[in-house]
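Here's the structure we're looking at; comments come further down.
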Amino acid sequence: MLSPASLNICKILPICARTGNQAIRKYSVSKMSEPQWKIEKARLTKMNWADRRKDYKIKDYLTVDSVDPWCNYVVRNKGIEAKKHTLDDLTEFKKISMESGLNKDLGQKVSIFKGDITKLEVDAIVNAANSALKAGGGVDGAIHRAAGPLLQAECDTLGGCPTGDAKATCAYNLPARYVIHTVGPQDGSPTKLESCYEKCLALTKENNFRSIAFPCISTGIYGFPNRLAAHIALRTARKFLETNDHIERIIFCTFMPIDVDIYETLLQMYFPLHDWNYNDGNTLTE
Ligand code: AR6
């Protein structure tokens, strides 16, 4: 038995269809259907890369294969090996013990990319978000602008994100498939920053993402020291790659010249390409 209200809707809908009463029709349809972000996410999730490419809003996207792995980057960019680490770098570096037998393999799994993270066609790009998951400035603003309004609509359903944690959403208009939102520390805490990288990498395992790109989390508006942040990013990535082989590429997206310089120096320590890069006590510049 239909209620009086349902009977009214049943009478109104055909009339609206005939008379073209758009306002009432829209209201009735949206009330009955899923939110727009959910419909779009379901559509995009089913698509392969070739089909997704037809819908991209930008032409200058970059595939993972077009970003040099670290081992090729060093060869192509002369002068990198002249960049030497400092005593402070060595102290920080000693916090990790590395499986040197994996060096050759892992040098092919990491990259530096200089530029805008929104251009990367990877399984996931990481967003340096705030705990309310509301579009802000910096890389967060760039990601929201490029992804379109459905990204905010999905973020609004997540109930925020604590500092040091990470949550994944669809990437909508971006060439990446997913955005992992992580909230970096504002108080300079190395443990919380490490947790951001760990949580993002754990999500790649959970979702079987094979490629991920990180911005330099917390080093912009949140003011974390760039060099220490890079040590934490590289140490966490190295540890993760040593024990997880589903990842084909971790891209460190360096937007500021200072970060390019730091990553080019420190990648030689964490992802050494020669025996003499190892932490054997003889590597320090005079
Ligand atoms: N691609 C890659 N990296 C970028 C881009 C880009 N398009 N734009 C900026 N960066 P920040 P945070 C670099 O400030 O310190 C927001 O308002 C930037 O040069 O974006 O974690 C959020 O809503 C720097 O190296 O993030 C939060 O409130 C790095 O991205 C707050 O800022 C991170 O800088 C988060 O601050």
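Remember, predicted model here, so these are calculated numbers, not experimental data. Just so you know, ligand 1 is whichever comes first in the structure, and atom 1 is the first atom listed for that ligand. FYI, side chains are in, hydrogens and waters are out, and symmetry mates aren't considered; it's all heavy atoms of this structure.
Residues Ala230 and Leu266 share a closest heavy-atom pair of CB-CD1, 3.9 Å.
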For residues 128-143, dump all side-chain donor-acceptor pairs below 3.5 Å to protein atoms at least two apart in sequence or in another chain.
from, atom 1, to, atom 2, distance (Å)
Asn130, OD1, Ala132, N, 3.2
Asn130, OD1, Leu133, N, 3.0
Asn130, OD1, Lys134, N, 3.1
Asn130, ND2, Lys134, O, 2.7
Lys134, NZ, Asp156, OD1, 2.8
Asp140, OD1, Asn127, ND2, 2.8
Asp140, OD1, His144, NE2, 3.4
Asp140, OD2, Gly136, N, 3.0

Can Ile112 and Glu264 be said to form a side chain to side chain contact (heavy atoms under 4.5 Å, CB included), step by step? CA-CA 8 Å; Ile112 296 181; Glu264 286 182 348; 3.6 Å; yes
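Lys41 meets the side chain to side chain contact (heavy atoms under 4.5 Å, CB included) test with Trp37, Thr45, Glu154, Cys170, Tyr172; sequence neighbours excluded. Arg53 meets the side chain to side chain contact (heavy atoms under 4.5 Å, CB included) test with Trp49, Tyr56, Tyr61, Thr63, Glu121; sequence neighbours excluded.
Met47 CE: more than 12 foreign heavy atoms inside a 6.0 Å radius.
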Note down each nitrogen or oxygen pair, ligand 1 side and protein side, whose separation is under 3.5 Å; give only atom names and the distance to 0.1 Å.
from, atom 1, to, atom 2, distance (Å)
ligand 1, 1 (N), Ile117, N, 3.1
ligand 1, 7 (N), Asp116, OD1, 3.0
ligand 1, 14 (O), Ile221, N, 2.8
ligand 1, 15 (O), Ser218, O, 3.4
ligand 1, 15 (O), Gly220, N, 2.9
ligand 1, 15 (O), Ile221, N, 3.1
ligand 1, 15 (O), Tyr222, N, 3.0
ligand 1, 17 (O), Gly137, N, 2.8
ligand 1, 20 (O), Val139, N, 2.8
ligand 1, 21 (O), Ser218, N, 2.9
ligand 1, 23 (O), Asn130, ND2, 2.7
ligand 1, 23 (O), Asp140, OD2, 2.6
ligand 1, 25 (O), Thr219, OG1, 3.4
ligand 1, 28 (O), Tyr222, OH, 3.2
ligand 1, 34 (O), Gly220, N, 3.4

